Amino acid sequence: MSDLIVRNARITTLDPGLPDATALAVSDGVIVAIGDESTVMAQLSAHTQVIDAQGRRLIPGLNDSHTHLIRGGLNYNLELRWDGVNTLADAMAMLRAQVARTPAPQWVRVVGGFSATQFVEKRLPTLDEINAAAPDTPVFILHLYDRALLNRAALRACGYTKDTPDPPGGRIERDKNGNPTGLLLAKPNAMILYATLAMGPKLPPEYQLNSTRHFMRELNRLGITSVIDAGGGFQNYPDDYAIVQKLHADGELTVRIAYNLFTQKKGGELEDFDRWTKLLVPRQGDDMLRHNGAGEMLVFSAADFEDFVEPRPELPQGMEGELDDVVRLLVRNRWPFRIHATYDESISRVLDVYEQVNREIPFDGLHWIIDHAETITDRNIDRVRALGGGIATQHRMAYQGEAFVERYGVAAARRTPPIRRMLEAGVPVGGGTDATRVASYNPWVALHWMVTGRTVGGLALYDESNLLDREQALRLWTHGSAWFSHDHDHKGRLIVGQLADFCLLSADYFSVPDAAIPDIASVLTVVGGKVVHGDGEFGGFAPTLPRPMPDWSPVRAFGGYQGGTLAQARAAFAGAHRHAHDSASGCHVHCGGHAARHQAPSADLRGFWGSLGCACFAF
């Protein structure tokens, strides 16, 4: 007998043997029946919860094969999201409203997820506009991997003055008198951007728990039921994993997480992985929270940071030896691994190392992954297939396509990345976002990019040879991504015996116009047979979520992804203005004045930048 039955649905199963159904039944977290309604209703008992899907499209739960949920969750409640906002005027209205409700010493942060090209105005705000909107409250706006905009209050909070030196690979723009203007540039290294962001106040653990729950619910709202967390800069193991570990122990995870471990210290990579391989065995954990191996940073010398505004970086001499040492350790311990590699030139050198190690210590079915691979060639795709690897793709080009075309040309952009060629070669391919600091976490923006080839600014990057049909794209975001966490035998399709992860859509993905795909959401999301999100007439099925903490959080006023409707954003603006002075009594997180009152060691180059980490900034 079943715990849950969903009936009167248009179900896309992605099972070749039974591609369509109208009902499914769940028991103990797995699907026990799927097919026509009469067959499934035979599973009905007195204790079964029955949900009428009202003829809506139901699909397997979406699975992001490369994102940064753990780090994103710790900060979600602090961030104002411009994801999906159509005009700069509306984005600035949101900023002004949030400035009005943000108490000292807190910052207003817009941390990625948008591109200047998505705005009708096709530009970023000027520093004068930001300073006029926020004369006293620090504002930090991150745009892709290329720049950050800081108002004068943020410069004071960071202690940036005319005496502050430029860090390696970055630049502090200055006026004619040598004073910082507020524009920070990656040249080409984004350490300056992320090190500056790290100076802002952080949430205490209780609020980080709340923040992570809200971020997971936002992902559930968009139909995401699983992710693979690719680690990231300033994400230290085990300390920064304590929040998700506690949520898991308390039964409050609503997204399945497979996490990779990301080395944090240049020169200490082998030491990190040697220590971690003694602490964790491959795939340690359960279906809700599981260790997934190493990466996406394996060694700093192999990371070809992508900023298409800047020329392609050359990997340093000696990279091969450092990478060889780490990969040998991982293969001996049977740890899966993944590596950030944007450019084909980098991938060639990485594959040389992998092939050499494989000759001496066979990979023998061990899962390993190339992440991103925007400019990978046919030859290297075939090399990946021969070694048994997979390629995790993301929609970063939807946000950076215009910059790529300007530097490399229209012809080069037509295969960035060449997903169709990867699939034809038989390489496992997963869909993902690389959220939250460049592209948005919204999977429907990624699906739109896969099937149309268009950026968020409307530029058509690809011709038919590199476009997917809607079912192909959905497969990459479900069963395709499951390979990257060794779950392809029991996740990503709606089949008897597989995990009961699915979502009921606000609009039919298979029939809406292309332009409407990014605005799709889930009205009912189920993970392991449990409802984790409901909206509209399905809202009563979902558990109640505590209000965002702190009370001035941008999430409380605006939510997350804004969608394409200006009405939604303007309603949020109105709410934010009504509650602008909710926190007049002061900040409930931090005490005292702005961080500008504290001195930064700007006269000491090593002291100023060394304490803020290495090149792990950008991932």
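On a predicted model such as this, the values are computed, not experimentally measured, just so you know. These values consider heavy atoms only, across backbone and side chains, with no hydrogens, waters or symmetry-generated copies.
E218 and R221 are joined by a salt bridge, as a carboxylate oxygen and a charged side-chain nitrogen come within less than 4.0 angstrom of each other. With salt bridges taken as basic N to acidic carboxylate O contacts below 4.0 Å, none links R349 and D304. Salt-bridge check for R420 with E464: failed, with every basic side-chain N at 4.0 Å or more from each acidic carboxylate O. Ion pairing between D378 and R383 fails under the 4.0 Å rule for side-chain N and carboxylate O. A salt bridge links R338 with D371: at least one charged nitrogen is closer than 4.0 Å to a carboxylate oxygen. Salt bridge status for R312 with D344: absent, with no side-chain N to carboxylate O gap under 4.0 Å.
Residues M94 and V85 meet the side-chain proximity criterion, which asks for heavy atoms closer than 4.5 Å. In this structure the side chain of Y441 never reaches within 4.5 angstrom of the side chain of L69, judged on heavy atoms. No side-chain heavy atom of E306 sits under 4.5 Å from any side-chain heavy atom of H372. Counting heavy atoms from C-beta outward, S440 and Y561 have side chains that approach closer than 4.5 Å. At a threshold of 4.5 Å between non-hydrogen side-chain atoms, the residues S115 and Q400 do not count as touching. The shortest distance between side-chain heavy atoms of F308 and M397 falls below 4.5 Å. Here the side chains of L78 and Y76 are not in contact, with every heavy-atom distance at 4.5 Å or above.
Counting only residues at least two apart or on different chains, the side chain to side chain donor-acceptor pair (under 3.5 Å) pairs with a member in residues 451-461 are E402-T455.
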Take H395 and H448, measure what ring pair (Phe, Tyr, Trp, His ring centres under 6.0 Å) needs, and give me the verdict at the end.
-> CA-CA 9 Å; H395 65 317; H448 174 264; over 10 Å; no

Run the numbers on F484 and H66 for ring pair (Phe, Tyr, Trp, His ring centres under 6.0 Å), then give the verdict.
-> CA-CA 9 Å; F484 294 79; H66 182 122; over 10 Å; no

Go through the steps for D434 and H68 under the test side-chain hydrogen bond (donor to acceptor under 3.5 Å, both in side chains), then give the verdict.
-> CA-CA 7 Å; D434 199 16; H68 299 275; 3.0 Å; yes

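The neighbour count for R379 CZ, taken as heavy atoms of other residues, nucleotides or ligands under 6.0 Å away, does not exceed 12. Within a 6.0 Å sphere centred on CD of E406, other residues, nucleotides and ligands contribute 12 heavy atoms or fewer.
Between Y509 and W444, a ring centre-to-centre spacing shorter than 6.0 Å is recorded. You'll find the ring centres of F305 and H340 outside the 6.0 Å limit. Ring centroid separation for the pair Y399 and F404 does not come in under the 6.0 Å cut-off.
Checking side-chain atoms of E374 against main-chain N and O of Y343 turns up no donor-acceptor pair under 3.5 Å. Between the side chain of Q264 and the backbone N or O of F262 there is at least one donor-acceptor pair closer than 3.5 Å.
Side-chain atoms of R396 and T342 form a donor-acceptor pair, as typed in the model, at a separation below 3.5 Å. No hydrogens or angles considered: a donor-acceptor pair under 3.5 Å links the side chains of S465 and D463. A donor-acceptor pair shorter than 3.5 Å can be found between the side chains of S226 and K491.
Below 30°, between 30° and 60°, or above 60°: for H486 and H367 the angle between ring planes is below 30°, a parallel geometry.
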